[in-house]
Amino acid sequence: MLYTLTTPLYYVNDRPHLGSTYTTLACDAIARFQRLNGQEVILITGCDEHGLKIMRTAEAAGLTPQAHCDAISERYRDLWQRWQISNDRFIRTSDPRHHQVVEQFFARVEASGDVVEGRQQGWYCVACEEFKDDPHESDDPECPIHRRPLEWRDEVNLFFRLSRYQKQIEELVAREGFIAPASRRREVENFVAGGLKDFSISRVDLPWGIPVPGHSGHTFYVWFDALLGYLSALLEPGAPVDLDALVQRGWPAQLHVIGKDILRFHAVFWPAMLLSAGLELPRTVFGHGFLTREGQKMGKSLGNVLDPELLLERCGRDAVRWYLLRDIPFGDDGDFQQQRFSDLVNNDLANTIGNLLNRTSSMARKWFDGAVPPSGEAALTSHSLALAAATAAERFQVAMATLDFRTASETVLQLAIGANGYLNENAPWKRMKTAGEEGRVGEDLYAVLETSRWVALLLAPLLPDLSSRLLDQLAQEPIDSTGDPHSTPTPWQLALHWGGLNPGLLLPEPMPVMQRLELDGPL
RNA sequence: GGCUCGGUAGCUCAGCUGGUUAGAGCGUGGGAUUCAUAACCCCAAGGUCGGGAGUUCAAGUCUCCCCCGAGCCA
């Protein structure tokens with residue numbers, strides 16, 4: 001079975017920010033984890049490019065909308081590449097084939113009798129691309145979110161008859177596991193319980209959009225078109241556009257990962273649209289929280305925006321991934337604190353995990369001819385570290401499967417802490433001074449080296465780079481979490497087998513696998 | 001205004017269906033050690049679990065009221 005998961009299709013209004021990077025990193029970790037376990041994964045990301053806001057942004061920059069979208073979407077594509085995101089697709093809603101998908105989808109919705117004309121009158125926020133119900137002062141109303149003036153609109157639009165799906169959506173939304181984390185479910189339930197209203201799916205006089213077939217002058221409302229990008233991303237290159245074929249190509253998605261602000265679109269409007277078109281519904285919609293910085297909202301006006309490009313350059317992939325995945329409960333809001341960021345990276349990655357391997361490897365090399373020592377008793381699965389490793393791997397699997405990156409990370413870390421403790425307890429450097437203890441020293445070192453190998457393996461989906469550097473220091477092949485599916489047990493699963501490290505294997509000269517972060521001045 | 005979600009050690013958070021002296025990591029202080037990226041290991045201090053009332057043999061954990069923060073809807 002295919003495991004399809006999606007990031008949002010990011011709106012090309014502006015360059016990528018940390019929020020979208022966070023979402024994308026998390027999805028990448030999930031995708032890698034699933035692949036390691038043998039799933040054939042399709043990780044979809046991309047850009048949402050239509051709408052009035054884009055048109056105006058482009059105008060302000062003196063560009064055509066297309067040129068503007070080309071430029072921004074390229075930045076996204078490039079950024080994800082530099083973060084080594086293992087996305088399988090990158091869809092742009094200005095793609096001509098996406099237009100065809102939208103047309104076909106609309107035809108189905110229309111055939112279901114779910115498209116009606118209606119008059120839409122009210123105050124409109126261009127930034128939200130939404131009508132605002134009843135602003136307080138009608139003289140000079142502004143958007144409460146964007147603090148920008150609303151524009152009066154009075155137009156005849158096409159409406160999607162969402163109200164017909166009241167019952168089905170109620171059931172869907174109440175379903176265990178559809179909306180995650182569960183703490184967000186009630187809000188959506190209440191919204192649905194309030195009665196679903198038909199919503200407009202077209203705009204008039206908006207040239208930067210996909211024309212609605214059979215309704216000249218109308219283009220599709222951005223959201224209607226954007227959500228369909230998830231389908232377009234699954235099209236087979238070159239083959240004719242056929243919605244029915246998508247079932248073979250990975251639809252329905254197992255998981256939509258989104259920011260909590262767009263939960264409603266994904267958990268209410270989107271499923272109703274799919275029902276209308278006779279397509280299957282996604283299994284889970286996960287709304288994660290937002291990031292603040294040192295307790296404050298990030299924003300241009302405050303000038304405290306954390307730039308993902310800068311973060312990548314100055315701190316590297318592993319550091320940022322670790323901090324975001326390990327320290328922020330996925331789903332909750334999180335606060336980026338620089339001190340904590342460098343504390344965690346230095347303590348966990350450089351000191352605990354990196355140094356563990358470093359100290360052990362150098363002892364092994366010094367006293368066992370530069371190689372992995374004979375395993376002896378340490379090869380037994382009843383060895384205390386073997387047991388710890390097995391338990392950690394089990395917990396890790398459960399945590400990752402439930403998107404609990406925090407617990408998963410902590411589990412790996414605890415394994416490394418345990419191994420460090422084991423070394424201090426058994427003090428091979430002391431034992432080595434008494435004759436006849438070499439055997440025991442070798443066993444202890446073996447057990448710790450083997451544990452390090454497990455640490456490296458478990459880190460593969462979370463920190464693929466550090467994982468390979470650790471494995472490299474252990475003279476092991478890196479684990480590929482980007483490629484084609486493997487039948488189970490997969491190479492990764494097979495590698496997670498106590499005793500997999502071969503005694504006698506020559507160890508490379510120890511080098512720090514993780515540089516400590518020395519950040520002077522704010523990022 | 002209605003609703004939702006939070007309010008647990010200096011910080012970030014765990015605490016399942018109520019039950020021994022409330023936990024972890026970071027930070028702080030002390031000790032031990034030298035294999036190692038001044039790293040690792042051990043120990044300690046620090047909490048009237050937002051406030052109040054109630055249910056119970058027993059409440060951080062249930063009920064009600066209030067306060068604070070974030071958000072959704074008006």
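Bear in mind the structure is a predicted one, so any value in this text is a computation, not a measurement. Within every chain, numbering begins at 1; the chains are lettered A, B, ... in the order of the sequence lines, protein sequences first and strands thereafter.
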Going by ring pair (Phe, Tyr, Trp, His ring centres under 6.0 Å), name the residues that satisfy it together with A/Phe220, two or more places apart in sequence or in a different chain.
A/Phe106, A/Phe224
Under-3.5 Å donor-acceptor pair between A/Asn190 side chain and B/C72 base:
no
What integer distance in Å separates A/Leu356:CG from B/C41:P?
9 Å
Separation of B/U37 C1' from A/Met514 CE (nearest whole Å):
12 Å
Among the candidates [options], find the nucleotide nearest to the side-chain atoms of [X].
X	options	result
A/Arg340	B/G71, B/C40, B/C11	B/C11
A/Arg326	B/A39, B/C13, B/G25	B/G25
A/Asp333	B/C41, B/A70, B/G27	B/A70

Would you indicate, yes or no, if [N] has its OP1 or OP2 atom less than 4.0 angstrom from a side-chain nitrogen or oxygen of [X]?
X	N	value
A/Arg264	B/C73	yes
A/Asn347	B/G27	yes
A/Lys260	B/C72	no

Report the base-pairing partner of [N] (Watson-Crick or G-U wobble, both distances below 3.5 angstrom), or none.
N	value
B/G27	none
B/U4	B/A70
B/U21	none

Which of residues 357-365 of chain A sit near RNA chain B, with a heavy atom under 4.0 Å from it?
A/Asn358, A/Arg359, A/Ser362, A/Met363
Set out, in order, the CA-CA distance, both residues' side-chain angles and the distance that settles side-chain contact (heavy atoms from CB on, under 4.5 Å) for A/Cys315 and A/Phe341, then state yes or no.
CA-CA 10 Å; A/Cys315 309; A/Phe341 170 47; 3.6 Å; yes
Any salt bridge between A/Glu170 and A/Lys167, counting N to O under 4.0 Å?
no
When you look at CZ of A/Arg359, are more than 12 heavy atoms from neighbouring residues, nucleotides or ligands closer to it than 6.0 Å?
yes
If each of A/Pro512 and A/Asp348 is mapped to the nucleotide of RNA chain B with the nearest heavy atom, which maps nearer the 5' terminus, i.e. the 5' end?
A/Asp348
Positive for side chain to side chain contact (heavy atoms under 4.5 Å, CB included) with A/Val257, one of A/Thr6, A/Thr24, A/Thr7, A/Ile30:
A/Ile30
Taking atom P in both B/G18 and B/A59, compute the distance separating them and give it to the nearest angstrom.
13 Å
Quantified in whole Å, what is the C1' atom distance between nucleotide B/G50 and nucleotide B/C68?
7 Å
Are the side chains of A/Thr451 and A/Tyr422 in contact, using a 4.5 Å heavy-atom criterion?
no
Regarding B/G7, purine or pyrimidine glycosidic angle vs 90° from 0 gives anti
